[in-house]
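To start, the structure itself, in structure tokens.
All residue numbers refer to positions in the sequence shown, counting from 1. Start at 1 and go down the list; that is how both ligands and their atoms are numbered. Every heavy atom of this structure was used, including side-chain atoms; hydrogens, water molecules and symmetry mates were not.
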Amino acid sequence: MNKYTHTSDFLRNKFDDLSDLEKVDFLQNLEDYLKRQDSSYYQNNISYITDAEYDKLKALYEKILTNNPYIKGKDYLNSVGHKPSDKFEKVSHKIPMLSLSNIFDRNGVGEFIERVRRYLSLDSNVNLEIVSEPKIDGLSATLIYINGNLHIGATRGDGSQGENVTQNIKTISNIPHKIEDPNVPEILEIRGEIYMKKSDFFELNERMQKEGKQTYVNPRNTASGSLRHLDVNVTKSRKLYFFAYAWGEISCNIADSHFEVLDLFKGWGFDVNPYTNINYTYEDIIKSYDDLNEIRSSLDYDLDGVVYKVNSLAYQDRLGFISRSPRWAIAHKFESEKAITKILDIEIQVGRTGSLTPVAKLEPVNIGGVVVKNATLHNEDFIKGLNSEGESIRDGADIRIGDQVHIIRSGDVIPKVVDVNIKDRKKDSQAFIFPENCPICGSPAKRELNESSGKVSSVRRCTSGLYCNSQVLGSLEFFVSRDAMNIEGFGGKSMELFYESGFIKEPGDIYTLQTRQSQGEIDILSLEGWGELSMNNLFQSINQRRSVSLDKFIYSLGIRHIGVNNAKLISHQLASIENLLSTVENITHDPNDALQAFIQNDGLGKVVISSFLSFLQNNKNISILQNLLKSVRVTDMVMEISEDTAISGLSLVFTGKFNSMSRSEAKEQAERMGAKVLSSISARTDMLVIGEDPGSKVKRAQEHGVKVIDEKEWLSLLDI
Ligand code: IVH
């Protein structure tokens, strides 16, 4: 099997530790992997890895080649883009369409200026003008005008050959079909970026969503797919735009500087990006970069960096090219996991367990290829500028609607607000007031005191439990989720639809849907997006889940603090649903007794037990439970006990923290293998199994002459 199938396979490998043969294999795999990513990006407009991962891999590839000059014959780095698709006629670029080298930090800016000055042997008193332009995140195109008439429009393709997309390009409203100036050069090849506006992208996605179709990932990929569509009407309907920033063949000299050429382009009716500056110093360049980074979320098109170009065309000529990129230009990329954007609003979301989470609604910003519109603000204290210890963070700056904030998005993690700029805050801005009532049901929302730590929780919770719509919906979604009852067909917003229509008010209603539908009590087919087929599929998946084991059942109830493991432990103790129902009886008679019964099972913490018992003390929960049991058969918890193992028949005690599994898991495993697990040491104990920080039990074991083994010995005993 191939060792290299994921990005992480390359990143975690230490290239220098590999043998020569392995090195060749590694590099070949890395090259193939990068080519596959290029192909899906350029040909199919799909990115399977994030921009950050791509940049890391490319940088690794470059580093290996630089550090190992004996590895020859790799021309991958010299290739740009990808082979043009066979769908279109090919166009050979007379002047190749090249790519830019990237830099990722400010040092790179200093080095670029130094390199250029050194190459041109410029004295320190000679000025060097550098033009900065936004790096538009679209796809590059070239437009050939003959005597002012648009003759050919083509994509970049692999840099030497592109695709002839003239008809599609002619649908772009800000590309002139004719240049009216009588002095326009006979041959004029204008290059630039085709892009889709963010607003049009969101509108398109909203439409797709309404029609129940798959939505697009980002404006760049959508623009690329739209331009390279065989049906010109599709391209037209997608509203694409063009910014001119470069050129290919021009039949006569038209200017002395890049900036002057751009001015001519404007005069001929092309859009040139308004944030194009001439910079005279390193500081000017950095300011242009920072300014663009700050405003980028407010622009209606995506940028992924800033391009710096030597302004003088005479200097550009002297500097020429190195492999496939100009020496006179460089791209300074924005950080691929961070961005600055504005908070448009702060919304409070209510979770399944009633927690109130503040979510920043953002001016949409593209972070590494993903459009981010929401980011968590964690909790009330974070907004105020306090950490969980009550100490001040960000120099005590609070966060308000209208503020510019820094966002981080890495991997699949929910985007987070990490910092705030308060220097441009408006004078009349108001501190955000965190609600003390649940925004959904209006009940008081409280911050509980954690008895063991003596601290007030950072999370405010709605106190009305299943009387709160948001918590009911959250619980229903949890009930059908994969680790719980695993009922397929309620994905996306379906459960919300069933809940809002009143067809499902509690879990038991799920199982009566089919009967109610056939008796005409409800009409599922009237719900948006639902038809016979989807409805029957749903009934089928519900019917497949009418029987469930006790632990899954308890877990599905979504009781606070009761995850998969705790649900298993509770189920082992209760063994059957009948015992669970008699616990309900017991609690009403003697809550303390019920608590004691559970406390003897030392795998369960006090917080877990009281959470479980208080769930069972709530009448509404009991009625929900009973309705559910009318339709669901809960099977007893039977532990399959092996008789012939190294530990069968032994009495064991576990203590300390385990690394390879939780202590409760270790105990359950021991029981399954025929051992008896006790909570305290006595002379009858056969063995004490210790994890980290075992505490006083070790001493007691020694006093009783009980054998003590650590986690490693325990695992080898189990043969793991
Ligand atoms: S100049 C010979 N300027 O970035 C240099 N490129 O990584 C030609 N891009 O292929 C490119 N904005 O698709 C240049 N202001 C800008 C740009 C820009 C976006 C894209 C373009 C190019 C890629 C290079």
E133: numbered ligand 1 atoms lying under 4.0 Å from its heavy atoms: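 Under 4.0 Å from E133, ligand 1 has these atoms: 3 (N), 15 (N), 16 (C).
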
Considering [options] one by one, which has a heavy atom nearer to [atom] than any of the others?
atom	options	value
atom 2 (C) of ligand 1	P326, A244, A331	P326
atom 18 (C) of ligand 1	W247, Y245, Y308	Y245
atom 5 (C) of ligand 1	L100, V306, V272	L100

Closest contact, heavy atoms only, R318 versus Y119: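 Scanning both residues, the minimum pair turns out to be O-CE2, 3.4 Å.
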
R191 to ligand 1, any heavy atom closer than 4.0 Å: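 No, R191 has no heavy atom closer than 4.0 Å to ligand 1.
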
A246 heavy atom under 4.0 Å from ligand 1: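 Judged by the 4.0 Å heavy-atom criterion, A246 does not count as contacting ligand 1.
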
Polar-atom distance check: [X] versus ligand 1, any N or O pair below 3.5 Å?
X	value
I136	yes
W328	no
P134	yes

Mutual orientation of the aromatic rings belonging to Y289 and H332 [parallel < 30°, tilted 30-60°, perpendicular > 60°]: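 Y289 vs H332 ring planes: parallel.
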
Geometric class of the F10/Y33 ring pair [parallel <30°, tilted 30-60°, perpendicular >60°]: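 Geometry flag for F10 against Y33: tilted rings.
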
Would you mind telling me if ligand 1 is within reach of the side chain of [X], the backbone, both or neither, using heavy atoms under 4.0 Å?
X	result
K135	both
V307	side chain
K309	side chain

Salt-bridged, [X] to [Y], with N to O below 4.0 Å?
X	Y	value
K198	D300	no
R106	D290	yes
K90	E163	no

Result of checking W247, Y308, Y245 against H258 for ring-ring contact (aromatic ring centres under 6.0 Å, His included):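 Between H258 and the candidates, ring-ring contact (aromatic ring centres under 6.0 Å, His included) is satisfied uniquely by W247.
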
Distance, nearest 0.5 Å, that separates CD of E294 from NE2 of H406: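 Result: 7.0 Å between the selected atoms.
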
